Amino acid sequence: MSFPLLTATAALPAIGAIATAAVPAARRTAAKWLALLFSLGTLVLAAVVFLRFEPGGDRYQLTESRAWIADFGVRYELGVDGIGVALLGLTALLIPFVIVAAWHDADPLETKSTRWRPTQGFFALILMVEAMVILSFVATDVFLFYILFEAMLIPMYFLIGGFGDRAHAGSDESAATQRSYAAVKFLLYNLAGGLIMLAAVIGLYVVAGSFSLSEIAEARANGSLEMATSTERWLFLGFFFAFAVKAPLWPLHTWLPNAMGEATAPVAVLITAIVDKVGTFAMLRFCLGLFPEASKWATPVVITLALISIVYGALLAVGQRDIKRLIAYASISHFGFIILGIFAMTSQGQSGATLYMVNHGISTAALLLVAGFLITRRGSRLIADYGGVQKVAPVLAGTFLIGGLATLSLPGLAPFVSEFLVLVGTFSAYPVAGIIATSGIVLAALYVLVLYQRTMTGPVQESVRSMPDLRARELAVAVPLIAVLIFLGVFPKPLTDVVNPAVEHTMSDVQQKDPQPEVEAAK
């Protein structure tokens with residue numbers, strides 16, 4: 001039997017989590033280095049997966065299949081397609097930067113309410129989230145995916161509630177209350193979605209007699225599986241609801257600003273750049289793959305909700321006074337673009353949506369982590385508490401600007417390519433929706449440039465006059481992320497070559513073809 005590469009890629013951070021948690025309490029620095037070492041090892045394995053993946057080969061590659069719960073037809077079944085390999089690479093790439101950026105976020109505090117912060121536990125939880133997310137991207141058994149989809153909520157709950165942002169305007173007690181509220185809200189929203197999905201997963205097994213994506217696809221192809229229209233639509237709604245909460249899609253989005261606002265900046269990156277991508281990825285793999293007719297039936301409503309997310313998220317970002325909440329609402333707008341591209345049902349739209357998942361993860365990580373360095377220096381998340389930072393910390397201001405420009409999809413930076421493809425794919429099928437979505441670009445320029453103007457330009461506020469510029473550790477986080485944004489902005493081919501064949505399979509699942517342009521005959 002060949003080496004189980006996908007299992008090894010997911011198992012390595014899980015082993016690292018156990019090893020990091022077992023480090024003695026007094027050796028916090030050793031725990032950090034151990035966590036970083038395991039995350040870098042996972043990145044190496046992810047690179048091997050990427051290199052071994054053949055874009056023109058089988059739909060699912062590096063497959064593994066073993067009996068798990070035989071009485072219920074549940075198998076430990078893994079396989080990676082082009083979309084999964086791109087998001088697996090994103091996860092493995094970002095985790096080392098998250099760990100380095102969070103180097104001191106769980107160090108002990110000497111306050112009345114908090115005498116210690118379990119550093120080992122903090123980094124172990126990050127690695128455990130990485131393991132579960134990677135497995136989610138390669139799971140081809142629906143029940144296995146569901147278990148991972150729900151299990152990742154547990155470490156995320158503790159990361160949000162137990163290791164919150166220290167730059168809180170209130171007292172220690174107030175900060176703890178806000179963290180608890182954000183963590184519980186995150187958990188309840190996602191658990192509600194997961195419970196509805198569980199009913200749909202059971203319903204799928206009753207109808208299809210299997211949890212395996214390959215077996216269900218084979219049964220559908222040979223005509224032995226036929227779902228009643230109403231059954232398929234109900235099952236689609238059960239899956240889609242859970243994924244829309246995770247994504248997050250309006251009006252199921254309200255947990256995100258609270259969670260990102262109260263979490264540390266690296267944990268906020270973990271939420272929006274990595275964990276939330278499981279929701280949009282699952283829309284492509286499960287909603288469109290398992291329920292093609294229901295997906296087409298729901299398209300008008302989903303596109304409407306995506307457009308609301310785009311405009312609503314951008315408008316609320318414009319009016320925010322909190323830096324991290326502004327980035328959270330901007331992410332809601334960006335997820336609207338991703339979902340719009342998925343349900344435009346065009347190859348350009350779905351390729352753009354997949355690239356958007358990757359590029360949004362990198363650009364948001366760059367902006368949010370640099371914002372975290374800024375907030376740590378000043379001790380405040382409020383935009384009004386800054387001004388003139390570029391005069392005292394020009395490198396910090398410069399990296400913040402590039403992250404912001406990537407967020408508004410400036411040409412030459414990676415998100416531009418994906419946003420352009422989403423809009424082209426949407427225009428070709430739904431011109432009115434494409435026009436409305438374009439307004440999100442204008443609003444993005446407004447909230448990003450206003451944020452930069454208010455924090456970085458103007459007179460130097462007394463509170464930032466002695467602010468230090470980025471240090472070596474922080475540069476090691478910001479510079480590589482910016483380099484990747486520029487590289488993928490001018491040369492996206494390595495990603496598009498991997499993603500496009502997978503998108504063709506998805507388009508085949510829903511039996512859709514790209515609309516042909518109307519050309520008037522020459523007179």
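No hydrogens, no waters, no symmetry mates; every other heavy atom, side chains included, goes into these values. Quantities reported herein were computed from a predicted structural model and do not represent experimental measurements.
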Hey, mind stepping through Gln320 and Tyr447 against side chain to side chain donor-acceptor pair (under 3.5 Å) and telling me if it holds?
CA-CA 9 Å; Gln320 287 303 306; Tyr447 61 69; over 6 Å; no
Sequence-distant partners of Lys246, salt bridge (charged side-chain N to carboxylate O under 4.0 Å, His left out), two or more places apart:
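Here no residue qualifies.
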My understanding is that only residues two or more places apart in sequence, or in another chain, count here; which of them pass salt bridge (charged side-chain N to carboxylate O under 4.0 Å, His left out) with Arg325?
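Result, salt bridge (charged side-chain N to carboxylate O under 4.0 Å, His left out) vs Arg325: none returned.
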Shortest non-hydrogen contact from [X] to [Y]?
X      : Y      : value
Leu94  : Ala365 : CD2-CB, 3.9 Å
Phe343 : Ile303 : O-CD1, 3.7 Å
Ser136 : Leu148 : OG-CB, 3.5 Å
Phe149 : Val278 : CD1-CG1, 3.9 Å
Thr254 : Asn258 : O-OD1, 3.1 Å
Ala437 : Phe337 : O-CZ, 3.3 Å

Evaluate Arg285 against Phe137 for side-chain contact (heavy atoms from CB on, under 4.5 Å), listing each step before the verdict.
CA-CA 9 Å; Arg285 173 167 285 188; Phe137 290 141; over 6 Å; no
Decide yes or no for [X] and [Y]: does some side-chain heavy atom of the first lie under 4.5 Å from some side-chain heavy atom of the second?
X      : Y      : answer
Met197 : Phe241 : no
Ile99  : Lys32  : no
Leu485 : Pro415 : yes
Leu153 : Glu150 : yes
Ser363 : Leu413 : no
Phe122 : Leu159 : yes
Ile383 : Asp322 : no
Val85  : Val499 : no

Keeping the roles fixed (side chain from [X], backbone from [Y]), state whether a donor-acceptor pair exists under 3.5 Å.
X      : Y      : answer
Arg465 : Val460 : yes
Thr20  : Gln120 : no
Arg321 : Ala384 : no
Arg378 : Asp385 : yes

Would you kindly say whether Tyr181 and Glu262 are connected by a side-chain donor-acceptor distance under 3.5 Å?
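Result is no, nothing qualifies.
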Check: residues 305-318 side-chain donor-acceptor pairs under 3.5 Å, at least two apart:
residue : atom : partner : partner atom : Å
Ser309  : OG   : Trp250  : N            : 2.9
Ser309  : OG   : Leu305  : O            : 3.2
Tyr312  : OH   : His253  : NE2          : 3.4

If you look only at distance, which donor and acceptor atoms sit under 3.5 Å apart when one is on a side chain in residues 397-408 and the other is two or more places apart or in another chain?
residue : atom : partner : partner atom : Å
Thr399  : OG1  : Val395  : O            : 3.0
Thr399  : OG1  : Leu396  : O            : 2.9
Thr407  : OG1  : Gly403  : O            : 2.9

Between [atom1] on residue [X] and [atom2] on residue [Y], distance to nearest 0.5 Å:
X      : Y      : atom1 : atom2 : result
Tyr157 : Leu191 : OH    : CG    : 10.5 Å
Leu198 : Phe239 : CG    : CZ    : 9.5 Å
Leu249 : Leu340 : CG    : CG    : 11.0 Å
Met260 : Asp276 : CE    : CG    : 8.5 Å
Arg28  : Phe123 : CZ    : CZ    : 11.0 Å
Leu495 : Met357 : CG    : CE    : 12.0 Å

Could you list all the side chain to side chain donor-acceptor pair (under 3.5 Å) pairs where at least one residue sits in residues 351-361, not counting sequence neighbours?
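Matches after skipping sequence neighbours: Lys277-His360, Ser331-His360, Ser351-Asn500, Tyr356-Glu419, Asn359-Ser418, His360-Thr364.
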Is the number of heavy atoms from other residues, nucleotides or ligands within 6.0 Å of CH2 (Trp33) greater than 12?
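No.
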Do Arg377 and Glu474 sit within salt-bridge range, that is, some charged N less than 4.0 Å from a carboxylate O?
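Yes.
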Would you sort out whether Val138 and Val49 count as a side-chain contact (heavy atoms from CB on, under 4.5 Å), showing the intermediate values?
CA-CA 11 Å; Val138 300; Val49 171; over 6 Å; no
Under the rule for ring-ring contact (aromatic ring centres under 6.0 Å, His included), what residues qualify as partners of Phe158, not counting sequence neighbours?
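Scan of Phe158 (ring-ring contact (aromatic ring centres under 6.0 Å, His included), adjacent residues dropped) gives none.
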Given Tyr386 and Leu451, is the side-chain contact (heavy atoms from CB on, under 4.5 Å) satisfied, shown in steps?
CA-CA 10 Å; Tyr386 296 87; Leu451 171 64; over 6 Å; no
Worked check of side-chain contact (heavy atoms from CB on, under 4.5 Å) between Val358 and Leu87
CA-CA 6 Å; Val358 176; Leu87 293 173; 4.1 Å; yes
